[in-house]
There are 2 protein chains.
Amino acid sequence: MSQLQDAVFRALADPTRRGLFERLCRQGDTTVVGLLADAGVSQPVVSKHLKILKAAGLVHDRHEGRYTYYSARREALGTLVDWTTEMAGFWQDRFDDLDDLLKRMDQ
Amino acid sequence: MSQLQDAVFRALADPTRRGLFERLCRQGDTTVVGLLADAGVSQPVVSKHLKILKAAGLVHDRHEGRYTYYSARREALGTLVDWTTEMAGFWQDRFDDLDDLLKRMDQ
DNA sequence: ATGACGTATACCCAATTGGCTATACGTTTG
DNA sequence: CAAACGTATAGCCAATTGGGTATACGTCAT
């Protein structure tokens, strides 16, 4: 159905990509070289994965001189939570204020 | 990292598979033919997808005569929720009792 | 201005994936 | 028991994917 939903699920399906997103969630604002360290793949591959994550709205990039700083857009996880919630079909109320919460989280 | 986590994310990455899981979440206990209707793919393909969902623990099958009834194992979504929760790094407490909740949900 | 650096793109390749048809296998029904 | 049915497997193929190297492009330092 949802175009965005599909992009998010697809983006997170790859372990390397999930790894990158995880690191960005933990440490936020990191350059490509910074991520390259534990990525286990080459720099072009990292850039490519970041591009996919960005397309899914999971990541944001900020250019500063010759550096590009990437950061996790955690609100994008709302898509995941929404879907999971719908599937579970319960405890909707528990998540009702999630969006606001996530918005507050992203500065 | 987690073998199971990877299987779950991978399984849900495909729209057809998500569609099958969604239907099982909504209507539970359905035969392959039952799912075949709106799947948009051939019967063997449905079976193959169900196999993948099963391997990821997202689905359970019960054999009855020549029929196989599939049902969603919603507890498997816990993997998704756990990961999302960890990534968000907040509102852990909101989900603390999720496992129990999900266990109660599954009959 | 030149060279090093950080990042992205282009291109290539092997592996995986998602679909199909044909078919096998068990179960039910006539 | 034979035919129909429900499901799973086998084998095939095109498309996608994830990785690599080479390279282009901008920025910073010398």
Side-chain angles (χ1 to χ4, degrees), chain A residues 1 3-24 27-73, chain B residues 1 3-24 27-73:
Chain A
M1 277 285 187
Q3 175 59 41
L4 174 66
Q5 187 183 84
D6 206 65
V8 170
F9 272 104
R10 219 174 262 288
L12 295 175
D14 181 72
T16 304
R17 235 134 48 204
R18 262 204 322 284
L20 288 171
F21 182 74
E22 288 185 26
R23 291 200 46 198
L24 288 175
Q27 62 195 56
D29 250 36
T30 313
T31 66
V32 176
V33 178
L35 292 166
L36 191 50
D38 305 67
V41 291
S42 66
Q43 175 269 313
V45 170
V46 170
S47 284
K48 206 190 279 185
H49 280 311
L50 288 169
K51 190 176 183 179
I52 293 172
L53 287 169
K54 186 183 171 187
L58 286 158
V59 145
H60 170 264
D61 64 336
R62 171 174 63 84
H63 298 281
E64 193 162 319
R66 58 179 158 177
Y67 296 94
T68 308
Y69 289 90
Y70 282 89
S71 54
R73 288 192 62 249
Chain B
M1 276 288 188
Q3 176 58 41
L4 175 66
Q5 186 183 85
D6 206 65
V8 170
F9 272 104
R10 218 174 263 287
L12 295 176
D14 181 71
T16 304
R17 236 136 46 204
R18 262 204 322 285
L20 288 171
F21 182 74
E22 287 184 27
R23 289 200 46 200
L24 288 175
Q27 62 195 55
D29 249 35
T30 313
T31 67
V32 176
V33 178
L35 292 167
L36 192 51
D38 306 68
V41 290
S42 68
Q43 176 269 312
V45 170
V46 171
S47 284
K48 205 190 279 187
H49 280 311
L50 287 169
K51 191 176 183 178
I52 292 171
L53 286 169
K54 187 183 170 189
L58 286 159
V59 146
H60 169 262
D61 64 337
R62 170 174 63 85
H63 298 280
E64 194 161 319
R66 60 179 158 178
Y67 297 93
T68 308
Y69 290 89
Y70 282 88
S71 54
R73 290 192 63 248

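Basis for what follows: all heavy atoms, side chains included, without hydrogens, waters or symmetry-related copies. No experiment lies behind these values; they were computed from the predicted model shown. Chain identifiers are assigned alphabetically (A, B, ...) following the order of the sequence lines, protein sequences preceding nucleic acid strands; residue numbering begins at 1 within each chain.
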Next on the checklist: Less than 4.0 angstrom between a side-chain N/O of A:Ser47 and OP1 or OP2 of C:dT9, yes or no?
Outcome noted: no

Base, sugar-phosphate alone, or nothing: which one does [X] contact when heavy atoms must sit under 4.0 Å apart?
X       : answer
A:Lys51 : sugar-phosphate
A:Thr68 : sugar-phosphate
A:Tyr70 : sugar-phosphate
A:Val45 : base

Checklist entry - Is any side-chain N or O of A:Lys48 under 3.5 Å from a base N or O of D:dG18, one able to act as donor and the other as acceptor? => result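 No, no donor-acceptor pair under 3.5 Å.
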
Checklist entry - To the nearest angstrom, how far is B:Gln43 atom CD from D:dA4 atom P? => result 18 Å

Checklist entry - Listed by chain and number, what are the salt bridge (Lys or Arg N to Asp or Glu O under 4.0 Å) partners of A:Lys54, not counting sequence neighbours? => result A:Asp61

Just distance, no hydrogens or angles: give the donor-acceptor pairs under 3.5 Å from side chains in residues 29-37 of chain B, sequence neighbours left out.
from    : atom 1 : to      : atom 2 : distance (Å)
B:Asp29 : OD2    : B:Arg62 : NH2    : 2.2
B:Thr30 : OG1    : B:Gln27 : NE2    : 3.3
B:Thr30 : OG1    : B:Gly28 : O      : 3.1
B:Thr31 : OG1    : B:Gly34 : N      : 3.1

Item to check | Side-chain donor-acceptor pair present, A:Arg73, A:His60, cut-off under 3.5 Å | outcome: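 Short answer, no.
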
Closest to the [X] side chain, choosing from [options]:
X       : options               : result
B:His49 : C:dG19, D:dT21, C:dA8 : C:dG19
A:Arg10 : D:dT7, C:dT21, D:dT17 : D:dT17
A:Arg66 : D:dA29, D:dG6, C:dC20 : D:dA29

